[in-house]
**Student:** 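Attaching a single structure in structure tokens format; questions to follow.
The sequence lines fix the lettering, A, B, ..., with proteins before strands; numbering per chain opens at 1.
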Amino acid sequence: MMKTVKITADGQTIEAVLESPLLPALQDAGIDIPTLCYHRAVSPYGACRLCLVEINQKGWDDDWWKLTTSCNFPVLDGLTVRTDSEKVKKHRKLVIELIMARAPGAPQVREMAERLGVEDVRHRPQEGELCILCGLCARVCDEVIGAQVLTFSGRGGLKDMGTPYAEASEKCIGCGACEAVCPTGAVIIKDEGLRRTMVRWGTEHEFVPCRICGKPVGTKKQIAYLREKINIEEDIFVTCPDCKRQKYAEQVVAEGHL
Amino acid sequence: MQVPIQTSKDLKKASKEAEKLKAPLEHVIYLCAGTGCRASGAMELAEAMTAEIEGKKLGKKVSLMLTGCHGFCEKGPLIVHHPSGVFYQHLKPKDVAEVLETTLEKGDVVERLLYRTPTTDEIVKLEADIPFYKHQKRLVFDLNGRIDPFDIDDYLANGGYQALAKALAMDPEKVLEEVDRANLRGRGGGGFPAGRKWRSCRNAPAPDGIRYIICNADEGDPGAFMDRSVIEGNPHRVIEGMLIGAWAIGGTDGYVYIRHEYPLAVETLIKAIEDARRYGFLGSNILDSGLSFDIKINRGGGAFVCGESTALMASIEGEVGEPRAKHIHTVVQGLYNRPTNLNNVETWANVPLIIDRGAKWFTGIGTKKSSGTKIFSLVGKVANTGLVEVPMGLTLHQLIYDIGGGILGGKEFKAVQTGGPSGGAIPAKLLDLPVDFDSLTKAGSMMGSGGAIVMDEATCMVDVARYFTKFLEDESCGKCVTCREGLRQMGWILDDICEGKGKKEQLEVLKDLGEVVQEASLCALGGTAANPLVSTIKFFEEEYEEHIGEHVCRALVCKELIRYEIVDDLCTACGICRKECPTDAIEGKKKTLHVLDQDKCIQCGVCYDVCKYGSLKVVSGKYERTCEQTKFKLKPVKDQK
Ligand SMILES: Cc1cc2nc3c(=O)[nH]c(=O)nc-3n(C[C@H](O)[C@H](O)[C@H](O)COP(=O)(O)O)c2cc1C
Ligand code: FES
């Protein structure tokens, strides 16, 4: 079903699936494309604007290049891509400078700025802000977990990410996928003993303890959710990864083979 | 009337019948009942008019028709008398008896209610002679103000739905060709050729046979209201246009996306759609052609960005009104991922005219690349404001001076912002620019939906850039970094400059921001949002430099850069400024020269506005302006001493 086509990027010929996102196709070919809002597990969104490239489509004049984000641009037959032109570099720098001003405290953003050759930020910093509104947390929560807890609110300068009406959401299962994908450390989760606090979303969760060591396995809601969704060995839900490994090792030793 | 009308032959009969039914009486009073005139009391006037006609038993001789907007809202409530064509403005219920008696019975006019030219104070009797109307070419607006928008028979009596019948008798391909040849370009923003869009939509595969036809009546540009006016004045023209489009494109389902804040337009449209259904113009097998098509209304919440095509479709689907990248066009995958053809209200309203009179006629109007007319919303510091329909290619000068009557109060023209908030400011040296899609874009502005905000010498261009930039920042959906953060930083720098805290380096930063917002944003809101900034820097850089280098605002607008002063030898010590000053910054007694304490002054300008003796001035560097002297009675206190 999936049709593969040839594109050219910086002179290199690449084969990629027709109409799949351009960004991973370029990355798979070993081309470095900066991004903060793209993740392969979820649909592209085009918010951070860092993955800019220049493209020339089949049928266009040879010297006509269009600047576009590669995360949400489809692989097309005969597409030519420039990822390293002066224009691309210049605009990526201008973009990261804006992101730096947005989230001056995020080390990941600072690293990215360094990587793109930006030292000085000429803009007014928004001190204390970490969130760059890339929406990855919401996309993961929605598309991968299926919990649909998070959403954007407001527009323009008032745009924000959070739970609807900024109220603690019943739907949150405390899985922490949002924190895992957050590119700037803006989603903060505090685990203490058998309690988990989703600081940014205002929900509290209780962990199910490991039946062997008592350490947290997953939150109660998360485990209930998983039980419903997947049909696997019950032991998985009540044993922590460390004990599982230990148990497995013991079994191998006892039985003398793998 | 025999409804539903089932064939085009029936339609002919019905039109004849409607013509007879609607034949004008000896006198007709066209009373504007559009949103603007309603706000100034049109409905009270209508009531008084009805009572007078009944009271005087004039019912056989005079009919009163409540019409949609005439475009000259600032003169409302207004009426036009048929057959004389006399135009009366600012009518009050108490004027009714006199107007009817003088105009109908004596065949004379009530002079005090006639139009006067703002600059020369000349009296103009007839609507057709008023410069505001005289230089217009009203095609889309031809029936606005001449029919009752709530009465489908009125539309039928004026040739309504004839173009539909004509189109339905043609091959869809031929209809498409006609629109293509007419070079009809989108009136809602980009000026994209409608024929090309229609063809792409028609050629796009529709696996389940559904193709959407949408009318964009979101009209988010502040100050623009032509789409509202077209719908309020002649809703069936839009419906007829969509029907012809559906036939040519293979459309099955229609939507009008209309802003919620337009209650009268919504009401008019609902009635029109119901009537069109009842008459058989919407539904299945329309006029026995095989075309089945109906229209739903979708109310938008009034976000500017929801006028953008992909955001609009997301909004109809019930999603957040955020644009998406258009690498796959909406004509191929639009609403509910089906082929979708979106056009603006005014674009649709042009379609019946083209089918009726032919592409050749249409291309004879306007310029080579921009055919037909465009409705502009002329506002700001011009003498005549309102909606004007002109052939494309008219110069800005003609628009502003011939139709607009020039600048108010004898001030100098400085710039005109065309294209709404994301258009650009065009300076005096380009006044001879023809208004068409390409010329405006080349000048760094755009046609947009046809907004035209006129600015005079007392308008600060840095402040203008700041105003529009902040509007766009607020209205940006906030999805992409460049648009959201770029506009925010731009706004902050413009604040600094207006407050006299700007630095020379910031001008470079602004230019960089302008470029990245324009080039790297996700949708056309971002793509055009830098226009106000970029165009004002391009044409008015010296104002930026003055603000930054000299802390001077030549337009005397930016509060932190201006100072109010009392002109000693003109002050009459009348005391009004002292009384009105909210911070008690003015000291003085009877017969004593008043003094303004700069430390207490907050530059609100109240003193300047209330002074009648020309004794207050506002100063910034070498620039100053003195308030108008409207009273001379008292002697300046200096002389009295
Ligand atoms: C931010 C933004 C706002 C827009 N608002 C409107 C609008 O209010 N009405 C409209 O007809 N088109 C608006 N447009 C243009 C539409 O996206 C679209 O191009 C147009 O409706 C197509 O119709 P046309 O080709 O007949 O002009 C807007 C575009 C942008 C980017
Ligand atoms: S990765 Fe493409 S815009 Fe962020």
**Student:** Quick one, B:Lys503 with B:Asp496, criterion side chain to side chain contact (heavy atoms under 4.5 Å, CB included). Give me CA distance, side-chain angles, the key distance, then yes/no.
**Tutor:** CA-CA 8 Å; B:Lys503 297 196 189 71; B:Asp496 281 350; over 6 Å; no

**Student:** I'd like to know which of B:Gln506, B:Arg324, B:Gln489, B:Glu515 tops the heavy-atom pair count under 4.5 Å against chain A.
**Tutor:**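 Greatest number of close heavy-atom pairs with chain A: B:Gln489.
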
**Student:** Taking every non-hydrogen pair under 4.5 Å, which of B:Lys479, B:Glu475, B:Glu473, B:Glu322 racks up the most with chain A?
**Tutor:**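 Among the listed options, the one with the most contacts to chain A is B:Lys479.
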
**Student:** Would you mind checking which part of B:Glu519 comes under 4.5 Å of any heavy atom in chain A, side chain (CB onward), backbone (N, CA, C, O), both or neither?
**Tutor:**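 When you check distances to chain A, atoms from both the backbone and side chain of B:Glu519 fall under 4.5 Å.
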
**Student:** Counting only heavy atoms closer than 4.5 Å, note whether B:Leu472 contacts chain A via side chain, backbone, both or neither.
**Tutor:**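 The answer is neither part of B:Leu472.
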
**Student:** Can you tell me if B:Arg484 uses its side chain to pair, donor with acceptor, with the backbone of B:Gly478 under 3.5 Å?
**Tutor:**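 Yes, B:Arg484 side chain to B:Gly478 backbone: donor-acceptor pair under 3.5 Å.
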
**Student:** Of all of B:Leu513, B:Ile493, B:Val517, which one pairs up most often with chain A through heavy atoms under 4.5 Å apart?
**Tutor:**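 Counting heavy-atom pairs under 4.5 Å, the top option is B:Leu513.
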
**Student:** Mind running salt bridge (Lys or Arg N to Asp or Glu O under 4.0 Å) on A:Arg139 and A:Asp142 for me, showing each step along the way?
**Tutor:** CA-CA 5 Å; A:Arg139 276 179 284 153; A:Asp142 176 10; over 6 Å; no

**Student:** By a 4.5 Å heavy-atom criterion (distance strictly below it), what part of A:Leu158 contacts chain B: side chain, backbone, both, or neither?
**Tutor:**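 Neither part.
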
**Student:** Side chain, backbone, both or neither: which part of B:Glu505 has a non-hydrogen atom closer than 4.5 Å to chain A?
**Tutor:**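 Nothing of B:Glu505, per the 4.5 Å heavy-atom cut-off to chain A.
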
**Student:** Under a 4.5 Å heavy-atom cut-off, does chain B meet the side chain of A:Thr151, its backbone, both or neither?
**Tutor:**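 When you check distances to chain B, no heavy atom of A:Thr151 falls under 4.5 Å.
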
**Student:** Does a side chain donor of either A:Glu167 or A:Ser169 reach within less than 3.5 Å of an acceptor in the other side chain?
**Tutor:**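 No - no donor-acceptor pair under 3.5 Å links their side chains.
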
**Student:** Within the side chain of A:Lys87, is there an N or O that forms a donor-acceptor pair under 3.5 Å with the backbone of A:Trp65?
**Tutor:**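 Not at all, since once roles are kept as given, no pair shorter than 3.5 Å links the two residues.
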
**Student:** Measure B:Asp474 against the heavy atoms of chain A and call it side chain, backbone, both or neither at under 4.5 Å.
**Tutor:**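 The backbone, not the side chain.
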
**Student:** Would you call the rings of A:Phe152 and A:Tyr45 parallel, tilted or perpendicular, taking 30° and 60° as the class edges?
**Tutor:**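 Geometry flag for A:Tyr45 against A:Phe152: parallel rings.
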
**Student:** Just do the side chain to side chain contact (heavy atoms under 4.5 Å, CB included) check on B:Asp495 and B:Ile497 with the steps written out, would you?
**Tutor:** CA-CA 5 Å; B:Asp495 276 342; B:Ile497 296 178; over 6 Å; no

**Student:** Select one option (side chain, backbone, both, neither) describing which atoms of B:Val516 are under 4.5 Å from chain A's heavy atoms.
**Tutor:**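 Both backbone and side chain.
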
**Student:** Does B:Arg299 have more than 12 heavy atoms from other residues, nucleotides or ligands lying within 6.0 Å of its CZ?
**Tutor:**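 No, the 6.0 Å shell around CZ holds no more than 12 heavy atoms from other groups.
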
**Student:** Heavy-atom pairs under 4.5 Å with chain B - which of A:Leu98, A:Thr68, A:Leu94, A:Leu133 has more of them than the others?
**Tutor:**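 Ranked by contacts with chain B, first place is A:Leu98.
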
**Student:** Measure A:Gln126 against the heavy atoms of chain B and call it side chain, backbone, both or neither at under 4.5 Å.
**Tutor:**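 Contact with chain B involves the side chain of A:Gln126 alone.
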
